[in-house]
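Bear in mind that the values here come from a model prediction, so they are computed numbers and not experimental data.
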2 protein chains.
Amino acid sequence: MVKTPLTTMKLPKENMNTYLTPVTTPEMVDQAAHWAHEAHLISAQQTPEIRASWLVSVAQGLRDNSDELIALAMTDTNLSRKRLEGELTRSAFQLELLAEEIRSGVALDAVIDHADPHWGMGPRPDIRRVNVPLGVIGVFGASNFPFAFSVIGGDSASALAAGCAVLHKIHPGHLALARRTAEIVIDVLHGAGAPDGLFGVVEGREAAVALVQHPLVKAIGFTGSTAGGRALFDLACARPEPVPFFGELGSINPVFVLPGAWGRRQEEILAGYANSFTMGMGQFCTKPGLLFVPAGEKENGGYEKLVALLREVQLDKLLTPGLHESYLTTRDEVSKLAGIKVLVPGSDDEKPEPTVFTIDIHDVRYNPEVLHREMFGPATILVEYEDTAQLVELAGQLQGQLTVTLHADDDDDLTTLMEAITAKTGRVVFNEWPTGVTVSYAQHHGGPYPATTAPSATSVGTASIGRFMRPVAYQGLPDSALPPSIQESNPWGIARRVDGQFHPAAGDGATDEF
Amino acid sequence: MVKTPLTTMKLPKENMNTYLTPVTTPEMVDQAAHWAHEAHLISAQQTPEIRASWLVSVAQGLRDNSDELIALAMTDTNLSRKRLEGELTRSAFQLELLAEEIRSGVALDAVIDHADPHWGMGPRPDIRRVNVPLGVIGVFGASNFPFAFSVIGGDSASALAAGCAVLHKIHPGHLALARRTAEIVIDVLHGAGAPDGLFGVVEGREAAVALVQHPLVKAIGFTGSTAGGRALFDLACARPEPVPFFGELGSINPVFVLPGAWGRRQEEILAGYANSFTMGMGQFCTKPGLLFVPAGEKENGGYEKLVALLREVQLDKLLTPGLHESYLTTRDEVSKLAGIKVLVPGSDDEKPEPTVFTIDIHDVRYNPEVLHREMFGPATILVEYEDTAQLVELAGQLQGQLTVTLHADDDDDLTTLMEAITAKTGRVVFNEWPTGVTVSYAQHHGGPYPATTAPSATSVGTASIGRFMRPVAYQGLPDSALPPSIQESNPWGIARRVDGQFHPAAGDGATDEF
C-alpha cells in the first residue's frame, strides 16, 4: 500500500492510494510544495550512496513495470512499441548513470583550500566549497518523449540526484501513462526508504502557474514549445525571488552539406536526411528542419531519390490532435513565405505524408524568417546555396540551436564555418544525424536561446545534475561541523580539488594521495 | 600611442588617445559592441597560454601604475591609501590567479567520451565537450571597490579569462580613476598583442540600458544595489533573447552568536563586530548588519565595551554624497521600525559616527522586515534572542545572503542551525568575520536572491570564469576539426575527463595516463 501522497489529490492521508484528480488547485500545490520542501531537507542530508540507491530502485521499477507502462504509452500516444521500449530503457539507464555520477561525488564539485599564510593577496583562511541542492524543483514534461522527458525523465532524475525534491507537472498528452508512472515512482521511492513527498505530480494549467510562482520552488526544468516555455520563463523571472528556469524550447537543427560530401555521398546524405526528419513523425527536438545543399540539384533530378525515399516512410498519427492541427497550420504558413517552393507536398491526413520545401539563398536573404520557423512534424526545408562562403552567412542568420550538423569530406574547408556554427549551437554533429541524443558525461543538450533559456545548462547527461545545485563555501569551520563531502578525511571517498590540485574518487583507479 | 578605442568616444580612429566623453550614446554602444564581438572571436581562438599572458600583463600594468592610480582613487573616493593599496594588490593577484586557472584548462571543463558500442542505452558515438566563451559581456562596476569590483575587477578579469570581450559601464563614483584604469588596460592589452576592442568602457545611464539590451551582449556582470540590479535584471530577462544576469545585489550578512561563545568570548566578539561593521565605513557587501546575541546584556551593561570601541573607530566620509544621503535615510527609516531601540545613536556628520540599534526577538516576530533592510554605511542591529531554538526561527526569516557567520564554542549545538543557515547563504563563516573575501579556488561569493540574481554563480575566485562560458559538444568530428582542448593528443596538456575518469593537467604532478 502506497503511503506517499500524489499531490493531485485533496484527500485525507489514509486515502492516498487513489490517484485520479484531474486538476490540482493552487492550495494543493502549496501543500505539495511544503511536503516536497521537507522531503528535500531529508534527502540533502543523505550520503551519495543512499541517494544513488533510490535512483537505481526507480530504474528497476520502470523495468519491472515496463509491460504495463508501454501498453499505457501506446494507448496514450501514437508511438510504436519499439520506440517506447527504447525510450524506457534510456530512461532507466539515465537514472543509473546519474546514480553512478553522484556516488563518485563529481556533481558535488567539492573544493578545499587549506589556510595559507603566504597566499598571494594576503593570508588565506581555510575555505571549502561544496554544492548543495536548490530545494524543490518544478518539472514540466514534454509530450514527445513520454518516458525520457516526462514524469521521471532527465529533469526529474537529475533533480533527485542533486538532492532536490520534484513536483512534476503532468503533460495532458499522456495522462494515464504519466499518472501510472508517478504511482510507480512514488511507490518505489517509498519502498526504498526515501522521504515521503520527495516526488509528486500536479495537473492543470492553474497548477502550472502556481508551481512556477511558489516561493518554495527554487528552479524549473521545462521541455516544450517556445511560446509556452517563454511564458513560464517570464513568470519565473518576475517572481519577487526570481529562480533559474532551465527551459528547452525550440530548435530547427540545420544541416550544412558541403560540396565535397554532396558530390560523393549525395544519395547516402538524402537517405539519412529522409530518415532523420521523419523519425518519430518529425516530432523530435533535434529534427533537422533545414538542409543546406549546393544549388542545381533540382534541375539535375537529384531530389528524385529523396521523393522516392519519402514514399517508403512508415506513417503515424501525430502525438495529439492539437499538435496535428498546429503542425498543419505552421507548415502552411511556411509554404506561403516568399521564395518557398514545394518539392514534396505531403498531406493533411490523420497520418500526414512528409513535406519538403525548397528555397534558394537569394530568397532567404530577403526573408531570413524562413530560417527561424520550427515545423513540429514531418516537414523540412532544403536551402540551395551557390558557394561555400554563403554558408557562413547562413550560419550567421540562424537563431540558437540544440544541434547543427555538418556533412563534409576531406576536401571541404571547415575553418570559418566551424566558428560560425559553434556560435549558434550547443552540439555540432559531423557526418551523422542530430536525432538520437546519447546520455553520457560529455553530452550537452542545450544551446543559445531559443534552443534553451539557459545556454550553459544541459538537460541530458551527467552535467544535468549541476543545474539543480548551488555552491556553499564554509570558512574556518571545525571538521566535525563540515558536511562529510569536505571533511579532511574524505569519508565518502569522492572526487575533490584540494589546494588547486584534482584528486579523483577513491574507486577511480587514478591518484588518491592525501 | 594607444590605438585601441575607448568606447566612450565618437572620434575618428586617429584621435583615439583622447578619452574624455561623459556620455556614451546608444549608437556608440552599438559600435563598441561590434568591435568587442569581433575581438572576442579572435580571443576565443587563442591558446590558454596566450590569453593568460594578457591577464598577467594587465596585472603588471596595474602594479606599474599603482602610484598614479592610488592617487586618483584617493581623490575620487574617501578611501585610505592603505585600503586602496591592498585592493590594487588583490586585483592584480586576481588576474594572475585566473591566468593560472585558464592555463590549467580547468575552466574549459573538457570532457571526452570515446565511441562505445556497449554503452548501456545503446551504442554511444564519440562525443566531446568543451566550454566556449559567451561573447561580449557587459560589466557594471561597484562604487565601493574602485579596483576589485570595478573597471578591471573580478567580473572583467573572469570574462577576459573566459575568452570574452568586456564592455565596462563606468561607475560615476570614481570617474577619473575608472577612465585612467581603462586607458591602462586598453594600452597594456594592445601592447600584449590582444585584439583591439577586447576591452572598452561606456558611460552614462542611457549607455547602461543600451548595453544590457544589445543583441551582441551575451551576459551581464553587476555589483551594486538591489533596486538598480533588479531593474537591469528585468531588462536582461525581457530581451527577445534573454541573457544571463550575474548580479550581486544586497546582503545583510547576519552573525549568529551562540550562548557558549558569548559567555566566554563576549569581549572579543564585540570587538570583532565593531571592527567588521565599521570597516570601510560599513560600505562592504559583506558588512555584518545583524548580530544575534543572547538577551540580557543590556541590563548587565555588557554593551558598554561596544560603545567604547565605537568611539575609537577611524571615521571617514562615505563614498559619495549620494550614498551618504541614502545611508542616513535608510538608517532613519530603520530607527522607526516597531521595536527598534537605539543603543548607539551615531551621527549625521559628513563623517558619520556608527549607529547600533537593538531589538528583541518578540518584536522581530511581528516585524520580520527588520531583518531585510540593508543599511549601506556604519549601522547595524543587535537582535536579542532568548533560547537557541529561536535562532533556527530567525534563520528561516532571513532573505538570501552572501554570508552568514557563526560564533560558537564546543558546547554550542549547531546541528539544526547549520542546515537552516546553509539554506540562506553562499558562505558560512565560523568564528571569523565576513568582511574580507579571499580570491581562491574554493571561494564562493554569491548566494540566494537578493544576495545575487544567480545563486549558482560566484563573482570571486577561480569559479567565476565559468559564468561567462557555455559548453559545446562535438559529435563524431575528425580530430583535426576539433578544438585543440579536446583533440585526442591533448596538445595543450590541460585537465580533462575521459570516459568518466579525471586526468589532471600535464604540469599538475598527479596522474597523466592517456
Side-chain angles (χ1 to χ4, degrees), chain A residues 41 89-90 93 96-97 111-113 119-121 124-125 127-129 132 134 233 237 241-242 414 418-419 422 425-432 438-444 446 449 453 455-456 458 463 469-478 481 495 497 500-502 504 508-511, chain B residues 41 89-90 93 96-97 111-113 119-122 124-125 127-129 132 134 233 237 241-242 414 418-419 422 425-432 438-444 449 453 455-456 458 463 469-478 481 495 497 500-502 504 508-511:
Chain A
L41 292 176
T89 300
R90 173 200 178 85
F93 172 76
E96 289 160 347
L97 186 70
V111 182
I112 295 174
D113 292 340
W119 191 236
M121 58 169 275
R124 179 177 88 187
I127 187 158
R128 297 163 187 240
R129 187 182 81 215
V132 302
L134 283 182
F233 169 85
C237 292
E241 177 193 353
L414 298 178
M418 203 63 185
E419 186 187 282
T422 301
T425 192
R427 183 160 55 113
V428 177
V429 180
F430 190 80
N431 285 349
E432 299 174 10
T438 199
V439 182
S440 72
Y441 311 103
Q443 185 58 275
H444 183 69
Y449 190 88
T453 54
S456 302
T458 178
M469 310 194 86
R470 66 178 176 87
V472 174
Y474 297 84
Q475 181 177 328
L477 264 77
R497 189 180 191 189
Q501 309 287 311
F502 281 93
D508 211 22
T511 339
Chain B
L41 293 176
T89 300
R90 173 200 178 86
F93 172 77
E96 290 160 347
L97 186 69
V111 182
I112 296 175
D113 292 339
W119 190 235
M121 58 171 274
R124 178 177 87 186
I127 186 158
R128 298 164 186 238
R129 187 183 80 215
V132 302
L134 284 182
F233 169 84
C237 292
E241 178 194 353
L414 298 178
M418 203 64 183
E419 185 188 284
T422 301
T425 191
R427 182 160 57 110
V428 177
V429 179
F430 190 80
N431 286 348
E432 298 174 12
T438 199
V439 181
S440 72
Y441 310 103
Q443 185 58 278
H444 184 68
Y449 189 87
T453 54
S456 302
T458 179
M469 311 195 85
R470 66 177 177 88
V472 175
Y474 297 84
Q475 181 177 328
L477 264 76
R497 189 180 190 187
Q501 309 286 313
F502 282 92
D508 211 23
T511 340

Heavy-atom pair of closest approach, residues [X] and [Y]:
{"X": "A:Phe233", "Y": "B:Cys237", "answer": "CE2-O, 3.6 Å"}
{"X": "A:Ala442", "Y": "B:Ala473", "answer": "O-CB, 3.9 Å"}
{"X": "B:Val428", "Y": "A:Leu477", "answer": "O-CD1, 3.8 Å"}
{"X": "A:Glu432", "Y": "B:Gly476", "answer": "OE2-CA, 3.8 Å"}
{"X": "A:Thr89", "Y": "B:Gly120", "answer": "CG2-O, 4.4 Å"}

Could you look at [X] and say if it's the side chain, the backbone, both or neither that has a heavy atom under 4.5 Å from chain B?
{"X": "A:Ser440", "value": "both"}
{"X": "A:Arg124", "value": "both"}
{"X": "A:Val439", "value": "both"}
{"X": "A:Glu241", "value": "both"}

Which answer fits [X], side chain, backbone, both or neither, if we ask what part of it has an atom under 4.5 Å from a heavy atom of chain A?
{"X": "B:Asn431", "value": "neither"}
{"X": "B:Leu41", "value": "both"}
{"X": "B:Gln443", "value": "both"}

Checklist entry - Do the ring planes of B:Phe93 and A:Trp119 sit parallel (below 30°), tilted (30 to 60°) or perpendicular (above 60°)? => result perpendicular

Checklist outcome for this item: Highest number of heavy-atom pairs under 4.5 Å with chain A among B:His444, B:Arg90, B:Glu419 belongs to B:His444

Item to check | Residue selection (most heavy-atom pairs with chain A, distance under 4.5 Å) from B:Thr425, B:Val132, B:Leu414 | outcome: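 Highest number of pairs under 4.5 Å: B:Thr425.
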
Checklist entry - Any side-chain heavy atom of A:Pro125 within less than 4.5 Å of one from B:Thr438? => result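 Result yes, sub-4.5 Å side-chain heavy-atom pair found.
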
Checklist entry - Should A:Arg427 and B:Ile127 count as side-chain neighbours, where that means a heavy-atom distance under 4.5 Å? => result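 Of all side-chain heavy-atom pairs linking B:Ile127 with A:Arg427, at least one is under 4.5 Å.
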
Next on the checklist: Donor-acceptor pair, distance only, cut-off 3.5 Å: does the side chain of B:Arg129 make one with the backbone of A:Tyr441?
Outcome noted: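 Checking the backbone N and O of A:Tyr441 against the side chain of B:Arg129, a donor-acceptor pair under 3.5 Å is found.
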
Checklist entry - Of all residues at least two apart in sequence or in a different chain, which pass the side-chain contact (heavy atoms from CB on, under 4.5 Å) check with B:Ser456? => result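 By the side-chain contact (heavy atoms from CB on, under 4.5 Å) rule, B:Ser456 matches A:Arg470, A:Pro471.
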
Checklist outcome for this item: Sorted by chain and number, sequence neighbours left out, ring pair (Phe, Tyr, Trp, His ring centres under 6.0 Å) with A:Tyr449 holds for none

Next on the checklist: Evaluate A:Met418 against B:Tyr474 for side chain to side chain contact (heavy atoms under 4.5 Å, CB included), listing each step before the verdict.
Outcome noted: CA-CA 11 Å; A:Met418 203 63 185; B:Tyr474 297 84; 3.8 Å; yes

Checklist entry - Atom CD in B:Glu96, atom CE in A:Met121: separation rounded to 0.5 Å? => result 12.5 Å

